[in-house]
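Beneath this line is the structure, given in C-alpha cells, with notes to follow.
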Amino acid sequence: MPAITLPDGSVRAFDGPVTGTTVAAAIGPGLAKAALAMAVDGKVVDLATPIEQDATLRFITRRDPEALELIRHDTAHVLAEAVQELFPGTQVTIGPAIENGFYYDFARNEPFKPEDFAAIEAKMREIVARNAPFERRVVSREEATALFRAKGEAYKVELIEGLPADQEISLYSQGDWLDLCRGPHMRGTGDVGTAFKLTKVAGAYWRGDHRNAMLSRIYGTAWRDQKELDAYLTQVEEAEKRDHRRIGREMGLFHLQEEAVGSIFWHPKGWRLYTVLQDYMRRRLEAAEYQEVRTPQLVDRKLWEASGHWDKYREHMFLATVDDESEKDRLLALKPMNCPCHVQIFNHGLRSYRELPLRMAEFGACHRYEPSGALHGIMRVRAFTQDDAHIFCTEDQVAAETARFVDLLASVYRDLGFDSFRVKFSDRPAQRAGSEESWDKAEAGLKEACRLAGVEYELNPGEGAFYGPKLEFVLRDAIGRDWQCGTLQVDYVLPDRLDAEYVAEDSSRKRPVMLHRAILGSFERFLGILIEQHAGRFPLWLAPVQVVIATIVDDAVPFAEQAAEALRKAGIRVALDARNEKINRKVPDHIEQRVPVLAVVGRREAEEGSLVLRRLPGREQETLPLADAVARLVAEAMPPDLRVAENPVSAA
RNA sequence: GCCGACAUAGCUCAGCGGUAGAGCAACUGAUUCGUAAUCAGUAGGUCCCCAGUUCAAUCCUGGGUGUCGGCACCA
C-alpha cells in the first residue's frame with residue numbers, strides 16, 4: 001500500500017504497486033502528458049518503474065533540469081539505431097550524455113564522415129516520429145551475453161563481462177532496436193523532440209585506452225526545443241570569436257609557423273602584453289620574498305640522469321649536440337623543467353636552516369616535446385616559460401608555506417580578473433619515484449597543510465607528479481570553461497636524488513623538502529586564457545596599446561604628437577593615428593583592434609590643448625585638458641598591485 | 001602519437017584537367033573631413049612540399065609537412 005508524497009506535500013495512497021504513469025494519470029491529464037520520467041526518493045527512474053513502498057515522488061517534465069540529460073541520452077540511443085539501420089555491420093559501444101549534448105562510439109571499418117550526417121539526422125527524425133516506447137527489461141548475465149554475441153556485438157559482450165557480478169543487467173528496446181543500458185529513459189523516442197543536431201565526428205579509443213581499437217565517435221547536441229538549440233549554436237559561434245588564435249591574429253599579437261612548430265613568434269604588441277604580465281608577476285614575487293634566478297637552457301644529460309628525468313621523461317626532451325669531434329661524447333638536453341637547476345644553486349655552498357624557507361623563482365624557459373596532436377595555439381606549445389619557483393624548506397614549514405602560497409595565488413588571480421578557483425588534490429601515480437614511506441609522508445603533509453590553510457579540495461586520484469603529490473588550481477573563465485593553471489607539488493625525492501642538504505640547528509645535515517609551485521603555469525598558456533577571458537578587450541593596465549590618439553585634420557597633428565609624448569612620458573602605452581582617414585573610419589578600426597581608450601584631437605582640441613576621451617567600444621566621451629587627461633589615464637592604468645588602497649591606513 | 005577534415009594573395013574566401021579571381025588590407029593620388037568603414041588607381045600568387053598519372057596538374061593518385069576537431073598525452 002504505497003503512500004506517495006508529492007512535492008507540494010500532499011500524499012496519495014494506492015492499493016498496490018503503481019507506476020509513475022498511473023500516478024500521473026491519477027493527478028491529471030496535463031501532468032500525464034508532460035511527465036517524461038520521475039524522481040523517486042530523489043532518484044531519477046523511468047515513468048514505468050513500479051513504486052512498491054512509501055516514497056516521495058516528483059515528476060520530471062521537459063522544463064526540469066534533469067530533462068536535458070534524459071533528452072540527450074535518449075538522443076544517443078536514437079542516433080545508434082539510425083546508424084545501425086543505415087550502416088549494417090556497425091557495432092555499438094557506449095553513448096552517454098555529456099555537457100551540451102551526447103556522443104555515441106561505433107566500431108566500423110570505415111569511420112563516419114560529416115557528409116553522412118544529413119542521412120543520419122533524417123533517419124533519426126524518422127525514428128523520433130515513430131515514437132516507439134522505451135521498454136526496460138532485466139535479463140540474466142548469460143542471456144545478455146548470448147543475445148549480444150548472436151548480434152555480433154563484441155563490445156557489448158565485453159561490457160557485460162566487465163560489469164560487477166551483483167549488478168542488474170538491463171536492456172532497453174525502442175521498437176525492434178535494443179541496447180544494453182542502465183537507463184533511465186523517457187517514455188518513447190518521440191520525447192526526444194527535434195531540437196538536436198550532429199556536430200562532429202572524431203576517433204576515440206575503446207575505453208579511452210590508446211592501446212585499444214580506435215572507434216568512430218559521433219558527437220551531437222540536443223535541447224528541449226529549437227529555441228534552446230539555436231541559442232546554443234549562437235553561443236558556440238560567440239566562443240569561436242574569442243578564440244585566442246583568432247584574436248591573436250586580428251590584434252597582431254603573435255604568429256606560429258611550421259619552421260618552429262610549437263614555438264611562438266611574439267610580435268611587438270603581443271610581447272608588450274607578455275612583459276606587462278611578467279613585470280606584474282615579478283613585483284608580486286619580490287613582495288612575497290622570492291629570490292629570482294636564471295638557469296641554463298642546455299644542460300648535460302648527467303644532470304638529467306641524476307634527477308631521474310632521463311629515465312622517465314627522455315622521450316619528451318629535446319636533445320642537442322655539437323658537430324665537433326672534441327664534443328662527440330657530450331649530449332645536452334634543453335631543460336623540460338627548472339627544478340634540477342634550482343637544486344644546483346641551492347647546493348652551491350653550504351646552506352643553513354636559517355636560510356629556510358628559501359624561495360627561488362625563475363621565469364624558466366622550458367622545452368618539452370609534446371605529442372603533435374596536443375598542440376593548440378599558444379596554449380599548448382613545446383617552448384614555454386613557467387612562472388616557476390621552488391621553495392626549499394623543512395617539513396615543519398610545509399603547511400605555512402602552502403598557506404602563504406595559496407594567499408598569493410588567490411590574490412594574483414583576483415588581480416587578473418578571476419574571482420574563483422577550484423583546488424584538486426592529486427595523489428601518487430602508477431609510475432613514480434621514491435619510496436612508499438616518502439609518499440605517505442608527502443601526501444599526509446600536504447593534506448595537513450590544506451587543512452591548516454583552510455583550502456578545500458576535491459580528490460584527483462593517481463594524477464600526482466612522478467616525484468610527489470600536488471595541488472592543482474583550476475580557474476573558470478568568462479564562458480564557463482575550466483583551466484588548470486596553478487600548481488603546488490611536494491617533493492621529497494629530488495632533494496634526495498640531487499643530494500640537497502642544509503645544516504640544521506643541531507649542526508646535523510638534513511634534507512630540505514622542495515615545494516614546486518607555479519601560479520600562472522606558463523605565460524604562453526595563461527596569456528591564451530587571458531585573451532579568451534577578456535575576448536581581447538583587456539583591462540587598461542594590461543592592454544598592449546592603452547590609448548590611441550586619433551586626429552581629425554592634419555592641423556591637429558602637431559598637438560596630437562605633443563599629447564602622445566606627454567602620455568608616453570607618463571608611462572602610458574600610446575599610439576598615434578594620424579592617417580589621412582576620416583574619424584568615422586578611425587573609430588571602428590580601433591574598436592576592432594580592441595584599444596581601450598581613444599583620444600580624439602581635432603582643430604578645436606589642438607587650439608585649446610585638450611583631449612576628447614572615448615572608452616571603446618562605448619560611445620560616451622568627455623573632453624579634458626591634456627594634463628588632466630594624462631593624470632586620469634595614469635591613475636586608471638595603474639596595475640592593481642601598485643594602486644593606493646581605497647582607504648589608506650593613516651600614518652601614526 | 002591515433003582517427004577524420006582541411007591547406008589558393010597579408011586576412012576572409014570563390015574557382016577550374018588548359019599555369020587563377022573577389023572583398024578587405026597594402027601602395028599611389030585626390031580629399032582635410034567631428035566619432036562604427038571617402039573616392040579613384042596600382043601592385044600583389046612556388047594555388048603547402050615531393051613524387052606519380054597525363055600532351056597538359058592548383059585541380060586526379062601516392063607520400064610528407066602543417067593546421068583544425070576529437071581521442072590519447074600533459075613531469
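This one's a predicted model, so the numbers in the text were calculated from it and none came from an experiment. Here is how names work: the chains are called A, B, and so on, in the same order as the sequence lines, proteins then strands, and each is numbered from 1.
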Could you tell me whether a side-chain N or O of A:H516 sits under 3.5 Å from a main-chain N or O of A:A389, the two making a donor and an acceptor? no
Cation over ring, [X] on [Y], under 6.0 Å and within 45°?
{"X": "A:R217", "Y": "A:Y103", "answer": "yes"}
{"X": "A:K447", "Y": "A:F425", "answer": "yes"}
{"X": "A:R207", "Y": "A:Y205", "answer": "no"}

[atom1] spacing across the pair [N] / [M], given as an integer number of angstrom:
{"N": "B:rA5", "M": "B:rA9", "atom1": "P", "answer": "22 Å"}
{"N": "B:rU8", "M": "B:rG41", "atom1": "C1'", "answer": "26 Å"}
{"N": "B:rA43", "M": "B:rG1", "atom1": "P", "answer": "44 Å"}
{"N": "B:rC13", "M": "B:rG66", "atom1": "P", "answer": "22 Å"}
{"N": "B:rC48", "M": "B:rC55", "atom1": "P", "answer": "25 Å"}
{"N": "B:rU58", "M": "B:rG15", "atom1": "C1'", "answer": "10 Å"}
{"N": "B:rA40", "M": "B:rC24", "atom1": "P", "answer": "10 Å"}
{"N": "B:rC59", "M": "B:rU53", "atom1": "P", "answer": "15 Å"}

Could you check whether [Y] and [X], counting side-chain N and O atoms only, form a donor-acceptor pair closer than 3.5 Å?
{"X": "A:T295", "Y": "A:Q344", "answer": "no"}
{"X": "A:H255", "Y": "A:Q257", "answer": "yes"}
{"X": "A:Q84", "Y": "A:E153", "answer": "yes"}
{"X": "A:E370", "Y": "A:H316", "answer": "no"}

What residues form a ring pair (Phe, Tyr, Trp, His ring centres under 6.0 Å) with [X], not counting sequence neighbours?
{"X": "A:Y232", "result": "A:W223"}
{"X": "A:F117", "result": "none"}
{"X": "A:H309", "result": "A:W304, A:F466"}

Would the number of heavy atoms belonging to other residues, nucleotides or ligands and lying under 6.0 Å from CD of A:E69 be above 12? no
Between [X] ([atom1]) and [N] ([atom2]), how many Å, whole number?
{"X": "A:L375", "N": "B:rG70", "atom1": "CG", "atom2": "P", "value": "14 Å"}
{"X": "A:D577", "N": "B:rG34", "atom1": "CG", "atom2": "P", "value": "16 Å"}
{"X": "A:L598", "N": "B:rU35", "atom1": "CG", "atom2": "P", "value": "13 Å"}
{"X": "A:H316", "N": "B:rC73", "atom1": "NE2", "atom2": "P", "value": "11 Å"}
{"X": "A:R246", "N": "B:rG69", "atom1": "CZ", "atom2": "P", "value": "13 Å"}
{"X": "A:D209", "N": "B:rC71", "atom1": "CG", "atom2": "P", "value": "15 Å"}
{"X": "A:I378", "N": "B:rC68", "atom1": "CD1", "atom2": "P", "value": "12 Å"}
{"X": "A:E315", "N": "B:rC74", "atom1": "CD", "atom2": "P", "value": "10 Å"}

Not counting sequence neighbours, which residues clear side-chain contact (heavy atoms from CB on, under 4.5 Å) with [X]? List them please.
{"X": "A:E315", "result": "none"}
{"X": "A:K241", "result": "A:E238, A:R246"}
{"X": "A:T93", "result": "A:D105, A:Y155, A:W206, A:L215"}

Looking at [range], who's got a heavy atom less than 4.0 Å off RNA chain B?
{"range": "residues 604-617 of chain A", "answer": "A:R604, A:E605, A:V612, A:R614, A:P617"}
{"range": "residues 297-312 of chain A", "answer": "none"}
{"range": "residues 250-268 of chain A", "answer": "A:E258, A:V261"}

Sugar-phosphate, base or nothing in reach of [X], heavy atoms under 4.0 Å:
{"X": "A:D554", "answer": "base"}
{"X": "A:R619", "answer": "base"}
{"X": "A:G377", "answer": "sugar-phosphate"}
{"X": "A:H376", "answer": "sugar-phosphate"}
{"X": "A:K470", "answer": "sugar-phosphate"}
{"X": "A:Y103", "answer": "nothing"}

Stems in RNA chain B: runs of 3 or more consecutive Watson-Crick or G-U pairs, distances under 3.5 Å? B:1-7 with B:65-71, B:10-13 with B:21-24, B:26-30 with B:38-42, B:48-52 with B:60-64
Going by the angle between their ring planes, with limits at 30° and 60°, are A:Y104 and A:F106 parallel, tilted or perpendicular? parallel
Taking for each residue the nucleotide of RNA chain B bearing the nearest heavy atom, is the 5' side occupied by A:Q484 or by A:V600? A:V600
Nearest-nucleotide comparison on RNA chain B, the residue closer to the 5′ end among A:K200 and A:V553: A:V553
On the nucleotide [N], are OP1 or OP2 found under 4.0 Å from the side-chain N or O atoms that [X] carries?
{"X": "A:K582", "N": "B:rA36", "result": "no"}
{"X": "A:Y369", "N": "B:rC73", "result": "no"}
{"X": "A:R368", "N": "B:rA75", "result": "no"}

I'd like to know if A:R380 reaches the base of B:rC73 with its side chain, counting only an N/O donor and acceptor under 3.5 Å. yes
Tested for side chain to side chain contact (heavy atoms under 4.5 Å, CB included) against A:L598, the lone hit among A:V587, A:D589, A:I591 is A:V587
Out of curiosity, A:E401 CD to A:F405 CZ, how far, rounded to the nearest 0.5 Å? 11.0 Å
Would you say the ring centroid of A:F112 lies under 6.0 angstrom from that of A:F87? yes
What does the B/S/- profile of nucleotides 2-14 of chain B look like, 5' to 3', with a 4.0 Å heavy-atom cutoff to protein? BBSS-----SS--
Sub-3.5 Å pairs of nitrogen or oxygen atoms, protein against nucleotides 25-27 of chain B:
| from | atom 1 | to | atom 2 | distance (Å) |
| --- | --- | --- | --- | --- |
| B:rA25 | OP1 | A:R585 | NH1 | 3.4 |
| B:rA25 | OP1 | A:R585 | NH2 | 2.4 |

Closest to the A:A374 side chain, choosing from B:rA72, B:rA75, B:rC33: B:rA72
Testing A:F254, A:F363, A:F384 one by one against A:F523 for a ring pair (Phe, Tyr, Trp, His ring centres under 6.0 Å), which residue passes? A:F363
Carboxylate-amine/guanidinium proximity below 4.0 Å for A:E250 and A:R245: no
